[in-house]
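Following: one structure in C-alpha cells, then a few remarks.
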There are 2 protein chains.
Amino acid sequence: METQDLKKVGLKVTLPRMKILELLQNADQRHLSAEDIYKLLLEADEEIGLATIYRVLTQFETAGLVTRHHFETGQAVFELERGEHHDHLVCIKCGKVEEFKNETIETCQDKIASEAGYRITDHSLIIYGVCPECQKK
Amino acid sequence: METQDLKKVGLKVTLPRMKILELLQNADQRHLSAEDIYKLLLEADEEIGLATIYRVLTQFETAGLVTRHHFETGQAVFELERGEHHDHLVCIKCGKVEEFKNETIETCQDKIASEAGYRITDHSLIIYGVCPECQKK
DNA sequence: GACCATAATGCAAAAGCTTCTCATTTCTCT
DNA sequence: AGAGAAATGAGAAGCTTTTGCATTATGGTC
C-alpha cells in the first residue's frame with residue numbers, strides 16, 4: 001500500500017523510506033522531528049542516518065506526503081498529510097500538539113488574502129497555551 | 001523617551017540597545033532579522049557585534065518590547081511591539097510581510113482554546129501567498 | 001534470475017543561525 | 001570621579017539541517 005504511494009510520487013521504494021513512512025503512520029505522536037524519528041528508528045533497531053531522514057522527509061514534503069511545521073521550538077516537526085487541513089494548539093509546557101479545524105477561520109483567511117490581492121498558497125494558525133494537565137502542575 | 005522604556009524594564013541604557021531600538025522604530029521594514037539589524041547598523045557606521053544584537057533582542061522580547069516571529073524562513077524576525085495584536089500575511093516570493101487584524105478570528109481562537117481547556121498564552125496566524133506585485137512577474 | 005544505469009544511502013564535513021564564555025568596557029549610583 | 005555591577009565584543013561552541021562523495025541498493029530489461 002505504502003509501496004504504491006512512494007512509486008506514485010516517483011520515489012524508489014527503499015527500506016529507509018518505508019520505515020519512516022511506517023513510523024509516521026504508527027507513532028503515538030503525530031508530530032515528529034527528524035531527530036525523534038531517528039531515535040525511534042534506533043529503538044526499533046533500524047540504523048538510518050540522520051541525513052537520510054532529513055532528505056527523505058524533504059522529499060515526502062515535496063511529494064505532498066508530509067507537512068513540515070515550524071513551531072517555536074527551533075526544530076521542525078513533520079506530520080503525515082491526511083488530506084484535510086487543520087490547525088494546531090501547542091502546549092508550551094509539555095510540547096503536546098492538538099489539532100483543530102474551524103470553518104469560520106478558514107473563510108476569514110481566504111477573505112483577508114483576497115482583499116489584500118494575495119494568491120494564498122498556505123497558512124498556519126498556531127495557538128500557544130498551557131494544556132489542562134500542565135495547568136494542574 | 002526610549003531611555004525611560006529601557007530603564008523601566010530594568011535594562012541599562014547603553015549605546016547598542018539605543019541604536020537597536022531606534023532602528024526598529026525607524027526602519028522601512030517592520031520585521032527584521034538579527035542579521036538585517038547587524039547590517040543596517042554597519043551601514044550606519046555602528047559596529048555592534050551580532051552576539052550583542054541577539055542578546056539585546058532576546059532581552060527586549062522578554063521585556064515585551066519586541067516580538068519574535070518564526071516564519072518559515074529559518075531565520076527569526078523581530079518586530080517592535082506596538083501594543084496591539086495583529087497577524088501576518090507573508091509573500092513567499094519576495095518575503096514582504098503585511099499585517100492584518102480580524103476580530104472574528106480572534107474570537108474563534110479564544111473559543112477554541114477554552115473549549116480544549118487550554119489557557120491561551122499566545123497565537124500566531126500566518127497566511128502565505130503571492131503578493132499582487134509578484135503575481136505580475 | 002542476473003545485469004546495468006540510475007537513484008539512494010551513510011558518513012563526515014560544512015553551513016546557517018543562535019548562544020555561550022570570558023576578558024574588557026561601560027553604565028549607574030554615590 | 002570612583003566602585004561595583006552589568007553589558008559588550010570576539011571568537012568558540014552548539015544545534016539543526018544540508019551537502020559531497022564513495023558505496024550500496026533499486027527497478028527495468030534481457
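All of these numbers come straight from a predicted model, not from anything done at the bench. In what follows, every heavy atom counts, from backbone to side chain, and hydrogens, waters and symmetry copies are set aside. Below, chains carry the letters A, B, ... as their sequence lines are ordered, and counting in each starts from 1.
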- Message: Under 4.0 Å, heavy atom to any atom of DNA chain C: which of residues 30-39 of chain B qualify?
- Response: B/E35
- Query: Taking atom types as modelled and ignoring hydrogens, do the side chains of B/S33 and B/D36 form a donor-acceptor contact shorter than 3.5 angstrom?
  - Reply: yes
- Name all pairs fulfilling the ring pair (Phe, Tyr, Trp, His ring centres under 6.0 Å) condition that reach into residues 23-48 of chain A, sequence neighbours left out, sorted by first residue then second. A/H31-A/H69, A/H31-A/H88
- Query: Just how large is the angle between the end axes of the helix from C/dG1-D/dC30 to C/dT30-D/dA1, five pairs per end, to 10 degrees?
  - Reply: 30°
What donor-acceptor contacts under 3.5 angstrom involve side-chain atoms of residues 97-104 of chain A, with partners at least two apart or in another chain?
residue, atom, partner, partner atom, Å
A/E98, OE2, B/Y118, OH, 3.1
A/E99, OE1, A/R30, NH1, 2.6
A/E99, OE2, A/R30, NH1, 3.4
A/E99, OE2, A/H86, NE2, 3.4
A/K101, NZ, A/E103, OE2, 3.4
A/N102, OD1, A/T104, N, 3.0
A/N102, OD1, A/I105, N, 2.9

- Message: Output the rounded distance in Å from CG (B/L6) to C1' (D/dA6).
- Response: 14 Å
- Rounded to whole angstrom units, what separation is found between the CZ atom of A/R17 and the C1' atom of C/dT9? 10 Å
- Task: Please state how far atom CD1 in A/I53 lies from atom P in C/dA8, giving the value in whole angstrom units.
- Result: 16 Å
- Message: Nearest whole Å is fine: how far is D/dT26 P from A/Q59 CD?
- Response: 15 Å
- Working to the nearest 0.5 Å, report the span between CG of B/L40 and CG of B/L23. 5.0 Å
- d(CE, A/M18; C1', C/dT9) in whole Å: 17 Å
- Message: Within this structure, what is the SG-CG distance for the pair A/C108 and B/L125, rounded to the nearest 0.5 Å?
- Response: 10.0 Å
- Message: Hydrogens and angles aside, do A/T67 and A/E79 bring a side-chain donor and acceptor to less than 3.5 Å of each other?
- Response: no
- Message: Take a 6.0 Å sphere around NZ of A/K39 and say whether it holds more than 12 heavy atoms from other residues, nucleotides or ligands.
- Response: no
- Atom CD of A/E46 and atom CD1 of A/I20: how far apart are they, to the nearest 0.5 Å? 10.5 Å
- Message: Tell me the interatomic distance from B/H70, atom NE2, to C/dC17, atom C1', rounded to whole angstroms.
- Response: 10 Å
- Message: One character per nucleotide, please: for nucleotides 19-30 of chain C, 5' to 3', B when the base has a protein heavy atom closer than 4.0 Å, S when only the sugar-phosphate does, - otherwise.
- Response: BBB-----BS--
- Task: Can you run down the side chain to side chain donor-acceptor pair (under 3.5 Å) pairs that involve residues 53-66 of chain B, sequence neighbours left out, and say none if there aren't any?
- Result: B/R17-B/Q59, B/T52-B/R55, B/T58-B/R68, B/E61-B/R68
- To the nearest Å, how far apart are B/I20 CD1 and D/dA7 C1'? 12 Å
- Give a yes or no on whether A/E47 atom CD has more than 12 heavy-atom contacts from other residues, nucleotides or ligands under 6.0 Å away. no
- For A/L57 and C/dT9, what is the distance between atoms CG and C1' respectively, to the nearest whole Å? 14 Å
- Query: To the nearest 0.5 Å, what is the distance between CG (A/L6) and OG1 (A/T14)?
  - Reply: 7.5 Å
